[in-house]
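So you know, we letter chains A, B, ... as the sequences are listed, proteins then strands, and number each from 1. Because only heavy atoms are used, hydrogens play no part in the values below, and waters and symmetry mates are left out as well, while side chains stay in. From a predicted model like this one, the values you see are computed outputs, not experimental measurements.
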Protein chains: 2
Amino acid sequence: METEGSRSESGRGESGRNRVNLPPVALVRNTGFLMSKVSQLAREGFERALEPMGLQARHYGVLVVLVGEGPHAQRDLGEKLAIDRTTMVGLVDELEGLGLVERRRDPEDRRRYDLALTDAGKRTISEAEAVATRVQDAVLGPLDNAERRLLHEMLTSVLRNLDDDARFWEASR
Amino acid sequence: METEGSRSESGRGESGRNRVNLPPVALVRNTGFLMSKVSQLAREGFERALEPMGLQARHYGVLVVLVGEGPHAQRDLGEKLAIDRTTMVGLVDELEGLGLVERRRDPEDRRRYDLALTDAGKRTISEAEAVATRVQDAVLGPLDNAERRLLHEMLTSVLRNLDDDARFWEASR
DNA sequence: TATTGTTATACTCTATAACTATA
DNA sequence: TATAGTTATAGAGTATAACAATA
């Protein structure tokens with residue numbers, strides 16, 4: 001692949017040393033654009049970092065809820081994660097296939113599962129949480145601890161505000 | 001693992017004050033999760049606010065570059081926006097159909113277009129920029145001006161850092 | 001031979017509708 | 001009748017490959 005750098009030959013306009021790979025100025029002024037770009041890149045980094053474990057980011061969400069809040073019915077888990085129940089089927093299939101999650105029928109309501117982590121699942125999520133921490137640390141690299149805390153607080157209050165506007169989990173489904 | 005509240009009774013129905021629609025605690029601790037949630041909701045709000053104009057957020061990006069940086073070849077525009085050239089075809093089709101953008105052949109290289117805003121396009125983007133400002137203002141509502149500036153700066157430095165890691169526009173394509 | 005724009009195609013992700021088994 | 005989980009299917013959204021016109 002040739003780089004966009006020195007191709008001022010036939011003068012494809014843009015007069016000279018014009019770098020094309022920079023984000024458009026008009027968009028960089030927009031905080032929302034920056035935020036979505038940062039979170040997109042953070043997500044991509046997380047996906048890549050998780051890959052060697054055979055996991056994807058969406059698996060992480062499921063595991064982290066199970067380890068943090070105990071067994072769930074598939075439906076309830078989906079509701080907490082704002083994932084449709086038909087989508088949950090495949091997701092849990094994958095996690096079960098990896099041996100990380102176990103489907104047990106709930107004896108009190110045999111329509112439901114009682115999804116729980118296996119021992120391997122517990123080990124895996126603890127590894128994955130370390131990966132998440134590492135990636136987040138890399139992403140927030142330029143910020144000192146006080147700034148990171150501040151960022152977190154600001155995002156929390158922004159999110160709470162959106163929530164009050166009844167546009168939080170509801171709106172995403 | 002009590003966290004499900006008072007779920008031990010056989011009551012199926014979210015008995016009483018147990019809200020399921022809150023984000024899992026383990027995820028709310030994660031700055032990356034917060035950021036992606038905020039930007040997702042901001043995006044959704046922006047899409048909704050743009051809808052009455054018959055526009056989508058991705059149209060906005062195209063228009064804003066054209067108004068800010070003048071006419072572009074379709075390919076170059078796509079490169080700036082990290083949008084594949086095959087995807088650009090349909091996008092520009094739509095904008096042309098709305099009468100906001102004009103496809104003129106570049107006389108110096110007849111393979112290329114010289115995409116430019118029509119007068120209607122100029123009016124529309126100025127409206128859309130007002131909408132963007134309004135939405136961003138609503139999203140950042142809980143933050144005062146100093147905090148907003150700070151947030152913007154932090155995001156900028158984080159993004160620059162990711163860029164230096166050669167994972168900015170490259171990685172998203 | 002390489003590049004711009006185009007089309008056809010495929011792939012990913014997710015949601016809707018209909019089915020089953022339980023309640 | 002309603003609900004948990006499942007399946008089949010369809011719809012966005014976007015990318016890959018091949019092609020025409022032009023360089």
Exercise. What is the distance, rounded to the nearest whole Å, between atom CZ of A/Arg110 and atom P of D/dG5?
Worked result: 13 Å

Exercise. Any side-chain N or O of B/Tyr113 under 4.0 Å from OP1/OP2 of C/dT6?
Worked result: yes

Exercise. In chain order, what residues pass the salt bridge (Lys or Arg N to Asp or Glu O under 4.0 Å) check against B/Glu94, with sequence neighbours excluded?
Worked result: B/Arg58

For this session: Go through the structure and list residues passing side chain to side chain donor-acceptor pair (under 3.5 Å) with A/Glu47, not counting sequence neighbours.
Result: A/Arg43

For this session: Using side chain to side chain donor-acceptor pair (under 3.5 Å) as the criterion, list what pairs up with A/Glu96, not counting sequence neighbours.
Result: A/Arg103

For this session: Output all residues satisfying side chain to side chain donor-acceptor pair (under 3.5 Å) with A/Glu127, sequence neighbours left out; order by chain, then residue number.
Result: none

For this session: For A/Asp84 and C/dT14, give me the distance from atom CG to atom P, rounded to whole Å.
Result: 10 Å

Exercise. Which residues within residues 87-105 of chain B lie with some heavy atom under 4.0 Å of an atom in DNA chain C?
Worked result: B/Val89, B/Arg103

Seminar exercise, completed: Taken to the nearest whole Å, CZ/B/Arg75 to P/C/dT6 is 14 Å

For this session: Tell me whether the OP1 or OP2 atom of D/dA4 has a side-chain N or O from A/Arg111 closer than 4.0 Å.
Result: no

Problem set entry | Separation of atom CG in A/Asp76 from atom P in D/dA4, rounded to whole Å | 7 Å

For this session: List in numerical order all residues of residues 50-62 of chain A for which some heavy atom is under 4.0 Å away from an atom belonging to DNA chain D.
Result: none

Seminar exercise, completed: In short, salt bridge (Lys or Arg N to Asp or Glu O under 4.0 Å) pairs touching residues 60-69 of chain B with sequence neighbours left out are B/Glu69-B/Lys80

Using a 3.5 Å cut-off and no angle test, enumerate the donor-acceptor pairs between side-chain atoms of residues 134-143 of chain B and protein atoms at least two apart in sequence or in another chain.
| from | atom 1 | to | atom 2 | distance (Å) |
| --- | --- | --- | --- | --- |
| B/Gln136 | OE1 | A/Thr31 | N | 3.3 |
| B/Gln136 | OE1 | A/Gly32 | N | 3.4 |
| B/Gln136 | NE2 | A/Thr31 | OG1 | 3.3 |
| B/Asp137 | OD1 | B/Arg148 | NH1 | 3.1 |

For this session: Only counting residues at least two apart or in another chain, list the ones meeting salt bridge (Lys or Arg N to Asp or Glu O under 4.0 Å) with B/Asp119.
Result: B/Lys122

Exercise. Hey, are the side chains of B/Leu55 and B/Leu63 touching, using non-hydrogen atoms and a 4.5 Å cut-off?
Worked result: yes

Exercise. Could you give the CG-to-C1' distance, from A/Leu115 to D/dT6, as a whole number of Å?
Worked result: 14 Å

For this session: Sequence neighbours left out, what passes side chain to side chain donor-acceptor pair (under 3.5 Å) with B/Thr86? Give chain and number order.
Result: B/Asp84

Problem set entry | Length of the line joining B/Gln40:CD and C/dC13:C1', which is rounded to integer Å | 14 Å

Shorter than 3.5 Å, N or O on both sides, protein versus nucleotides 18-20 of chain C: list them out with atom names.
none

Problem set entry | Interatomic distance where CZ belongs to A/Arg112 and C1' belongs to D/dT6 [whole Å] | 16 Å

Exercise. Given atom CD of A/Glu47 and atom P of C/dT12, what is their separation to the nearest angstrom?
Worked result: 14 Å

Seminar exercise, completed: The reported gap from CG in A/Asn145 to CG in A/Leu150 (rounded to nearest 0.5 angstrom) is 12.0 Å

Donor-acceptor pairs under 3.5 angstrom involving side-chain atoms of residues 153-160 of chain B: please list them, not counting sequence neighbours.
| from | atom 1 | to | atom 2 | distance (Å) |
| --- | --- | --- | --- | --- |
| B/Thr156 | OG1 | B/His152 | O | 2.8 |
| B/Ser157 | OG | B/Met154 | O | 3.2 |

